[in-house]
Participant: 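Would you mind keeping the following structure in view while I ask a few things?
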Amino acid sequence: MRIIRPRKIAGVRPGHLIAILLLAGSLPCILQAQTADPVPASCQFGDRFTLPGQYGPFDYRTATREQKEIVERRHFTLPWAAVQKGKLVWYMDGQYIGPVGADFDYTLRAFPNHYQALKAIDEVEFRLKNPKVPGLNWSVNCYFLRASGFRPDDGLVRALYGAYLARRGKAAQARLELDRATELTPNSINVESHVAWSYFAIGDWADAEKHARLAYEYGYALPGLRDKLKAKGHWSE
């Protein structure tokens with residue numbers, strides 16, 4: 001049987017070469033870990049991401065139906081319905097429960113990347129014109145940082161954060177998140193439509209049209225985006 005020995009490389013011993021090759025094989029994992037966004041201490045409970053005994057946190061993409069129902073039935077569905085009616089507090093069976101922010105906070109501690117809850121606190125903050133929404137533990141921006149730090153590979157979180165920033169005129173920051181969104185989650189209706197609307201919000205009609213066309217190609221059905229781009233002269237059939 002022929003024994004294959006490591007080839008000699010000038011200045012590198014064979015044993016060291018094996019170690020280098022093993023390290024190279026692990027580099028993708030190391031680099032992936034380094035790309036995770038650190039969550040600022042100001043967006044945590046001291047140095048803790050979550051509190052002892054808290055339900056979760058779970059990745060919303062892979063959570064079970066039961067896990068979602070346990071939280072959403074009591075802490076999301078009804079508060080979100082109240083927000084959609086223009087209210088910032090909610091009631092159950094005629095009894096005052098509290099500010100919607102408290103329940104969205106619970107939802108986002110259980111599922112940091114809960115997409116609808118992120119959109120909900122974005123909407124509430126936008127109405128209040130105040131980054132600190134009653135009932136939330138942190139600023140709305142913090143919840144996006146927590147979501148992207150919790151699951152840095154979630155492209156839809158990046159798209160929603162880009163939309164949040166674009167809506168507030170932070171174009172440069174928004175572009176960074178929107179680029180990351182499409183890199184992490186290509187070929188996605190939800191990502192491309194949010195990215196297109198975000199570029200529209202910052203007045204970048206060319207990129208808005210580019211991503212809108214992709215969204216429609218992937219099956220986006222609402223005509224409003226295309227109609228608004230046509231009104232700006234940035235949609236050719």
Side-chain angles (χ1 to χ4, degrees), residues 34-44 49 60 80 83-84 88 100-101 104-105 107-109 111-186 188-215 220 222 224-226 228-229 231-235:
Q34 290 176 341
T35 59
D37 293 348
V39 179
S42 59
C43 299
Q44 303 186 66
F49 185 80
Y60 194 69
W80 178 232
V83 170
Q84 290 176 308
L88 298 178
V100 293
F104 295 150
D105 169 76
T107 301
L108 287 165
R109 283 188 285 115
F111 304 103
N113 59 338
H114 190 292
Y115 309 121
Q116 282 296 112
L118 288 169
K119 292 172 72 173
I121 60 172
D122 176 353
E123 178 63 27
V124 172
E125 183 203 78
F126 194 76
R127 292 186 192 179
L128 292 175
K129 307 299 181 187
N130 186 337
K132 188 66 172 73
V133 173
L136 296 185
N137 274 297
W138 306 280
S139 68
V140 172
N141 190 70
C142 269
Y143 287 89
F144 282 103
L145 295 178
R146 285 170 59 82
S148 53
F150 177 66
R151 288 294 181 266
D153 65 331
D154 193 332
L156 186 51
V157 164
R158 302 289 183 173
L160 293 174
Y161 189 27
Y164 168 85
L165 294 167
R167 200 178 187 189
R168 286 150 183 82
K170 299 179 180 180
Q173 291 176 261
R175 288 178 187 279
L176 292 175
E177 296 300 328
L178 299 175
D179 285 346
R180 296 177 81 175
T182 54
E183 289 171 4
L184 288 166
T185 310
S188 165
I189 298 173
N190 286 333
V191 169
E192 292 296 347
S193 59
H194 279 94
V195 169
W197 278 112
S198 299
Y199 277 121
F200 188 91
I202 61 178
D204 185 338
W205 319 125
D207 276 336
E209 180 182 356
K210 170 187 169 182
H211 290 282
R213 287 189 178 278
L214 288 172
Y220 187 63
L222 302 177
L225 178 57
R226 181 173 51 235
K228 285 184 175 292
L229 283 165
K232 295 292 183 181
H234 275 271
W235 190 275

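Source: prediction; values computed, not measured.
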Participant: To check you understand the geometry: which heavy-atom pair defines the closest contact between S198 and A163, and what is its length?
Facilitator: OG-CA, 3.1 Å

Participant: When rounded to the nearest 0.5 angstrom, what distance separates CG in D204 from CG in L178?
Facilitator: 9.5 Å

Participant: Roughly how far apart are I121 CD1 and C142 SG, rounded to 0.5 Å?
Facilitator: 9.5 Å

Participant: Going by the rule side chain to side chain donor-acceptor pair (under 3.5 Å), which residues pair with R109 if we only count those two or more places apart in sequence or in a different chain?
Facilitator: Q54, D105

Participant: Of all residues at least two apart in sequence or in a different chain, which pass the side chain to side chain donor-acceptor pair (under 3.5 Å) check with E123?
Facilitator: R127, R167

Participant: Take T185 and L156 through the test side chain to side chain contact (heavy atoms under 4.5 Å, CB included) and record every step on the way to the result.
Facilitator: CA-CA 7 Å; T185 310; L156 186 51; 5.9 Å; no

Participant: Under the side chain to side chain donor-acceptor pair (under 3.5 Å) rule, collect the residues that match up with R168, sequence neighbours excluded.
Facilitator: D122, E125

Participant: I want to check something: taking the side chain as every heavy atom from C-beta on, are Y164 and N141 in contact at a cut-off of under 4.5 Å?
Facilitator: yes

Participant: When rounded to the nearest 0.5 angstrom, what is the spacing between OH in Y115 and OH in Y60?
Facilitator: 9.0 Å

Participant: Let's go through V83 and F104 carefully: what are the C-alpha distance in whole Å and the side-chain angles of both, what is the deciding distance for side chain to side chain contact (heavy atoms under 4.5 Å, CB included) to 0.1 Å, and is it a yes or a no?
Facilitator: CA-CA 11 Å; V83 170; F104 295 150; 3.9 Å; yes

Participant: Among residues at least two apart in sequence or on other chains, which ones pass ring pair (Phe, Tyr, Trp, His ring centres under 6.0 Å) with H211?
Facilitator: Y199

Participant: Between K132 and L136 (side chain of the first, backbone of the second, donor and acceptor by atom type, cut-off under 3.5 Å), is there such a pair?
Facilitator: yes

Participant: Give the minimum heavy-atom separation between V195 and A181, together with the two atoms involved.
Facilitator: CG2-CB, 4.4 Å

Participant: Set out, in order, the CA-CA distance, both residues' side-chain angles and the distance that settles side chain to side chain contact (heavy atoms under 4.5 Å, CB included) for L145 and Y161, then state yes or no.
Facilitator: CA-CA 8 Å; L145 295 178; Y161 189 27; 3.7 Å; yes

Participant: CZ of F150 to CZ of F111: how many Å apart, nearest 0.5 Å?
Facilitator: 9.5 Å

Participant: Please report the interatomic distance CG(L229) to CH2(W205), rounded to the nearest 0.5 Å.
Facilitator: 8.0 Å

Participant: Test of understanding: with salt bridge (charged side-chain N to carboxylate O under 4.0 Å, His left out), list the residues that count as partners of E177, not counting sequence neighbours.
Facilitator: R158

Participant: So, for G162 and A174, which heavy atoms are closest and what is the spacing to 0.1 Å?
Facilitator: O-CB, 3.5 Å

Participant: If I take atom SG from residue C43 and atom CZ from residue F49, how far apart are they, to the nearest 0.5 angstrom?
Facilitator: 10.0 Å

Participant: Quick one: does any side-chain atom of Y143 pair with a main-chain N or O of N137 as donor and acceptor, under 3.5 Å?
Facilitator: yes

Participant: List the atom of A147, the atom of N113, and the distance in Å for their closest heavy-atom pair.
Facilitator: CB-CA, 4.2 Å

Participant: Show the nearest heavy-atom pair for residues A212 and W235, with the distance to one decimal.
Facilitator: CB-CZ3, 3.9 Å

Participant: Sequence neighbours left out, what passes side chain to side chain donor-acceptor pair (under 3.5 Å) with R151? Give chain and number order.
Facilitator: D59

Participant: For a 4.5 angstrom cut-off between non-hydrogen side-chain atoms, does V157 reach P112?
Facilitator: no

Participant: State, to 0.1 Å, how close A117 and T107 come at their nearest heavy-atom pair, and which atoms those are.
Facilitator: CB-CG2, 3.9 Å

